[in-house]
J.: 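Quick one: the structure is below, questions incoming.
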Amino acid sequence: MDIEKAVSEQMELISMGAVEIIPVEELREKIKRSIESSRPLTVKLGVDPTRPDLHLGHSVPLTKLKHFQQLGHQVVLIIGDFTALIGDPSEQDETRPVLSPEDVEANARTYVEQASKIIDTSRARIVRNSEWLAPLSFRDVIQLASKFTVARIMERDDFSRRLKENRPLGLHEFLYPLMQAYDSVALDADVEIGGTDQKFNLLAGRNLQKSLGKSPQCIITLPLLVGTDGVQKMSKSLSNDISLTDPPDEMFGKVMSISDEVMWDYYALISGLKPRDIEEIRMAVEAGEISPRDAKERLAIEIVKRYYSEKEAFSAAEEFKRIFRERKVPTEVPVYVLDPADFPDAKVWIVDLLVRVNFATTKSEARRLIHEGGISIDGESVRDVNLEVNPQDLKGKIIQKGKRTFIKIELK
RNA sequence: GGGGGAGUGCCCGAGUGGUUAAAGGGGGCGGACUGUAAAUCCGUUGGCGCAGCCUACGUAGGUUCGAAUCCUACCUCCCCCA
């Protein structure tokens, strides 16, 4: 029978990059029934509109959602406008600023906009959880709470850890998993996806559905994307992130800067390519037919393409080659306008100039750069810290710092 | 309410009276190499027109020829008991 084969094919795509699928057999069953009855599964992803700055890490679950969409399932993106007011304690920050409804609204819009670059939002359901959470009465909440035991909530290790370490743990934080779980009930979710840090919350949904006599959802956890440092999870505060608002060239460059090993995680989690295609590339690299550099270039192109266009992705690739392989000056160099009137005796001290154009924040740093041979003017390395130039002579010249920072001087 | 501990450079973390602008690591920056802004190696990482000077070890005072190191007060954080 071809059904088994179809199920396996779906499972292959769904499992790609996933850390855990709980329980796997149950998911197979669901998919099988879905195919047999040609009734799509309801797949849920919840996002908290708590921040405006999204990065590639946020696209991991969205990419998985896209996989489901490709397989013809019904995906639901839940904007946690209600839960955002509490703040998921999963990250133990504690210092979470209270967001105004306007902020939440703005962030929600950004989120949907970014999501639309990955999933087909016209075929997805996009809902806000205030829709069903806001009307709940205190009595409803208590009734829901009775379905959970404290011991069970304490299974969550960040809760128990915080308690053990005598760090504050708000009662309201206990209710967070409950709210997220209720989302699953309200939607009759078949599958919920989330990061590994969400495992507990996802399981809470499954448990709550069971206690209310509904069919429990399967859960899929996905790894947290490693940042450009190759070690820690991607996060803006660690400044190892690739922001979705980074211009194409920068996004491309940052992807090229990830290590060869983590490139495969990126492929599996956010390239949008099929498992087979990725496997093919991987084999070719292992066989030495494709260099890791080229494989990474392909990855960078795929990623930039998602957020911009194919054209911009290719031109970013060209530019990258130009600067780093051929060591040439980029096609577009930012311009710094120098006013000769600032220099009455027609002399600019190189150290001052470097600070002026922001290549260094202090004169000491500027000196250091020169000592280290990191500065050149029109390709000629500057060695003399005391160098003085006539501003007129700088017109049209390109000053370079390190390998990738350029600025062109123009006169006022 | 009682008892105890800690605050060091971007971050972590040594240092308990004198070559300490402060070990070591991380991160950043620069260089070499290369297949890339991978990996690896090397250098550098308070300020100042810098062979010198100034400012720095929670804050403010004090002891001393001399303090990040000792004393006093204050602030902040943490732990134990209630």
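Labels below follow one simple rule: chain letters A, B, ... track the order of the sequence lines, proteins then strands, and each chain is numbered from 1.
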J.: In terms of ring plane angle, is the pair Trp264(A) and Tyr267(A) parallel, tilted or perpendicular, where the classes change at 30° and 60°?
T.: parallel
J.: Just verifying a value: how many Å separate Gln180(A) CD and Leu208(A) CG, rounded to the nearest 0.5 Å?
T.: 11.5 Å
J.: Under a 3.5 Å cutoff on both atom distances, Watson-Crick or G-U, what's the dot-bracket for RNA chain B ([ ] crossing, | other strand)?
T.: ((((((((.[[[..)..(.....]]]((((((.......))))))(((...)))...[[[[[..)....]]]]]))))))).
J.: So what does Ile375(A) touch, heavy atoms closer than 4.0 Å: a base, only the sugar-phosphate, or nothing?
T.: nothing
J.: Checking contacts here: which listed nucleotide (C48(B), G35(B), C33(B)) is nearest the side-chain heavy atoms of Ser364(A)?
T.: C48(B)
J.: Does any donor-acceptor pair link the side chain of Glu372(A) with the base of G31(B) at a separation under 3.5 Å?
T.: no
J.: If you measure only the distance, is there a donor-acceptor pair under 3.5 Å linking the side chains of Glu192(A) and Ser184(A)?
T.: yes
J.: Within the structure shown, what part of the strands sits under 4.0 Å from Gly253(A) by heavy-atom distance: base, sugar-phosphate, or nothing?
T.: base
J.: Passes side chain to side chain contact (heavy atoms under 4.5 Å, CB included), Lys408(A) versus Tyr336(A)? Steps please.
T.: CA-CA 6 Å; Lys408(A) 187 174 190 173; Tyr336(A) 180 84; over 6 Å; no
J.: Give Asp294(A) one of three labels, base, sugar-phosphate or nothing, depending on what nucleic acid heavy atoms sit under 4.0 Å from its own.
T.: nothing
J.: Any idea which heavy atoms bring Ile278(A) and Ser271(A) closest together, and the distance?
T.: CD1-OG, 3.9 Å
J.: In whole Å, what separates the C1' atom of U16(B) from that of C70(B)?
T.: 9 Å
J.: Any N or O donor-acceptor pair linking the side chain of Thr362(A) to the base of C48(B) at under 3.5 Å?
T.: no
J.: Measuring only the P atom in each nucleotide, how far is U40(B) from G26(B)? A whole number of Å is fine.
T.: 10 Å
J.: Hey, does the side chain of Lys363(A) come within less than 4.0 Å of G49(B)'s phosphate (OP1/OP2), counting only N and O?
T.: yes
J.: Let me know, please, whether Phe324(A) or Gly374(A) comes out on the 5' side of the other along RNA chain B by nearest nucleotide.
T.: Gly374(A)
J.: Distance between the C1' atoms of A22(B) and U8(B), in whole angstroms?
T.: 9 Å
J.: What interatomic distance, in whole Å, is found between C1' of U44(B) and the corresponding atom of G9(B)?
T.: 15 Å
J.: Let me know, please, whether Lys401(A) or Met263(A) comes out on the 5' side of the other along RNA chain B by nearest nucleotide.
T.: Lys401(A)
J.: Phosphate oxygens OP1/OP2 of A38(B): is one of them under 4.0 Å from a side-chain N or O of Ser257(A)?
T.: no
J.: Looking at Glu297(A) and Lys321(A), does any basic side-chain N land under 4.0 Å from a carboxylate oxygen?
T.: yes
J.: Can you tell me if the side-chain N/O atoms of Arg404(A) get under 4.0 Å from OP1 or OP2 in C29(B)?
T.: yes
J.: Given atom CG of Asn240(A) and atom P of G26(B), what is their separation to the nearest angstrom?
T.: 17 Å
J.: Quick check: any donor-acceptor pair below 3.5 Å linking the side-chain of Glu388(A) to the base of G49(B)?
T.: yes
J.: Who passes salt bridge (Lys or Arg N to Asp or Glu O under 4.0 Å) against Arg325(A), sequence neighbours left out?
T.: none
J.: Specify the separation, in whole Å, of atom CZ of Arg293(A) and atom P of U36(B).
T.: 5 Å
J.: Measure the distance from NZ on Lys403(A) to P on U34(B) and round it to the nearest whole Å.
T.: 12 Å
J.: Taking any heavy-atom pair under 4.0 Å as a contact, classify Arg322(A): base, sugar-phosphate, or nothing.
T.: nothing
J.: Taking the same atom, P, in G3(B) and in C48(B), what whole-Å distance lies between them?
T.: 49 Å
J.: Which nucleotide in the list U36(B), G30(B), U45(B) gets nearest to the side chain of Arg368(A)?
T.: U45(B)
J.: Suppose you measure atom P in G5(B) against the same atom in C10(B); what distance do you get, rounded to whole Å?
T.: 29 Å
J.: Looking only at the side chain of Arg327(A) (C-beta and beyond, no hydrogens), which of the listed nucleotides C48(B), C33(B), G35(B) gets closest?
T.: C33(B)
J.: For the pair made of CE in Met256(A) and C1' in U34(B), what is the distance, rounded to whole Å?
T.: 12 Å
J.: Remember a base hit wins even if backbone is also touched, and classify Lys321(A) as base, sugar-phosphate or nothing at under 4.0 Å, heavy atoms.
T.: nothing
J.: Calculate the interatomic distance between Ile242(A) atom CD1 and U36(B) atom C1'; express it in whole Å.
T.: 13 Å
J.: What is the separation between atom CD on Glu297(A) and atom P on A37(B), rounded to the nearest whole Å?
T.: 13 Å
J.: Can you see whether Arg28(A) engages Ser8(A) through a side-chain donor-acceptor pair at a distance of less than 3.5 angstrom?
T.: yes
J.: Could you work out the separation of A60(B) and C50(B) based on their C1' atoms and round it to a whole Å?
T.: 33 Å
J.: Under the salt bridge (Lys or Arg N to Asp or Glu O under 4.0 Å) rule, collect the residues that match up with Arg125(A), sequence neighbours excluded.
T.: none
J.: Out of A38(B), A37(B), C50(B), which has the shortest distance to the side chain of Phe320(A)?
T.: A37(B)
J.: How is Arg367(A) classified with respect to the nucleic acid when contacts are heavy atoms under 4.0 Å: base, sugar-phosphate, or nothing?
T.: base
J.: Using the C1' atom as the reference point in each nucleotide, state the distance between A21(B) and A56(B) in Å, no decimals.
T.: 8 Å
J.: In this structure, how many angstroms lie between the C1' atom of U40(B) and the CD atom of Glu261(A), rounded?
T.: 12 Å
J.: Would a distance-only check, ignoring hydrogens and angles, find a side-chain to backbone donor-acceptor pair under 3.5 Å from Asp378(A) to Lys397(A)?
T.: no
J.: What's the CG-P distance between Leu369(A) and G28(B), to the nearest Å?
T.: 16 Å
